[in-house]
Amino acid sequence: MNAPFQPPASSDAKLPLTLLIAAPRGFCAGVDRAIEIVERAIERYGAPVYVRHEIVHNKYVVDALKAQGAIFVEELDEVPDGAPVVFSAHGVPKSVPAEADRREMTWVDATCPLVSKVHRQAERQIEAGRHIVFVGHKGHPEVIGTMGQVPDGAITLVETVEDVESLSFTGETPLSFLTQTTLSVDDTREIVAALQAKFPHIVGPKAEDICYATSNRQAAVKAIAPGSDLVLVIGAPNSSNSLRLVEVAQRMGTDAKLIQRASEIDPSWLAGVGTVGLTAGASAPEKLVREVVERLAEWRAVEEHTLVTTEEKMVFKLPRQLTD
Ligand code: 10E
Ligand code: SF4
């Protein structure tokens, strides 16, 4: 005869936790490419290879590349003569490669091709005689890089609808607008609408320059947030696209937190929580997503579900100088 069923002692039983994992999440094509550029540069030129600014905004990625022989600096004057240098995925002002050429440095540009596309649009708008209104976050390296494609005074930064309201261009000033690639899709729509209402003659790209990866990750969070009691976003505090994912979830009324590693999760966050939504910014490796899942599984009986909102197939070519 079978022994009667014994339920586990209550102290051993883990409460169930549904995990809604967003897809797409994590690395985009520009981040994959930038990391591969640093790895290939180390293979080709030998260590150390200098990298100007964090190649992408993620400490785990940066530490892994340091272990392979990369040295991270903020400015070119920290790079010794003769050492190779890679420019980060966020892009650099024109003055940076110009300075590298002046010093006869070997340099490789890991700027994401979608950021470079905005750089070229900026140049074209200036050639066409238009002043540029640039929508972006002040002080972000991508913004510094894009603003540095054109002469001083040729571009004006706006961050909010209020900033648009205080612009004082006359109706005769030819204007165009461009945007940072990692902005909030919803905020940017409002800012662009305010620009077009105030300056009906303003010229802009067909869709704003927010990239496919940014918009896909925001749409994926919109799909998981309503069914979640808490959304965890893996990303760094200086990662613009990751911060936007936290905002998206919070604006849908769901509690959301940015974490860099699983060790930052406070178990008290899970009190009364039945479903956790999980995603990762474009610079956060999938390994860190698994680390979070494993951490949660230490405390709760986790049931994983992946919610796919779109498939991504984007791949960018490496620079010729690393493939020839
Ligand atoms: O702060 P960001 O989101 O711009 O950068 P990240 O390094 O977190 O993610 C990659 C995004 C890039 C390089 C900007 N388009
Ligand atoms: Fe390129 Fe977009 Fe990734 Fe930035 S977030 S690196 S623009 S693909």
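Order of listing sets the numbers, starting from 1, for every ligand and every atom in it. Hydrogens, waters and symmetry mates play no part in the numbers below; they use all other heavy atoms, side chains included.
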* Protein heavy atom at shortest distance from atom 7 (O) of ligand 1 -> His57 N, 2.7 Å
* Determine yes or no for a side-chain-to-main-chain donor-acceptor pair under 3.5 angstrom, with Lys66 supplying the side chain and Phe72 the backbone. => no
* Go through ligand 1 atom by atom and flag the ones less than 4.0 Å from a non-hydrogen atom of Asn238. => 1 (O)
* Do Ser176 side-chain atoms and Gln125 backbone N/O form a donor-acceptor pair below 3.5 Å? -> no
* Shortest protein contact, atom 12 (C) of ligand 1 (heavy atom only) -> His90 CD2, 3.7 Å
* To do: Indicate yes or no for a side-chain donor-acceptor contact from Lys138 to the backbone of Glu159 under 3.5 Å, with no hydrogens or angles considered.
  => no
* Asked: What protein heavy atom is closest to atom 15 (N) of ligand 1, reported as residue, atom name and distance in Å?
  -> Thr181 OG1, 2.8 Å
* Tell me, which protein residue and heavy-atom name are nearest atom 9 (O) of ligand 1, and how many Å apart are they? -> Asn241 ND2, 3.1 Å
* Asked: Taking both backbone and side-chain atoms of Ser240, is any N or O found less than 3.5 Å from an N or O belonging to ligand 1?
  -> yes
* Asked: Are the side chain of Thr214 and the backbone N or O of Ile210 linked by a donor-acceptor pair below 3.5 Å?
  -> no
* Has Cys28 got an N, O or S atom lying less than 2.8 Å from atom 3 (Fe) of ligand 2? -> yes
* Cationic tip of Lys257 within the cone over Trp269's six-membered ring, i.e. under 6.0 Å and within 45° of the normal? -> yes
* Structure fact -> For Ala194, the side-chain contact (heavy atoms from CB on, under 4.5 Å) test, sequence neighbours excluded, returns Val161, Val164
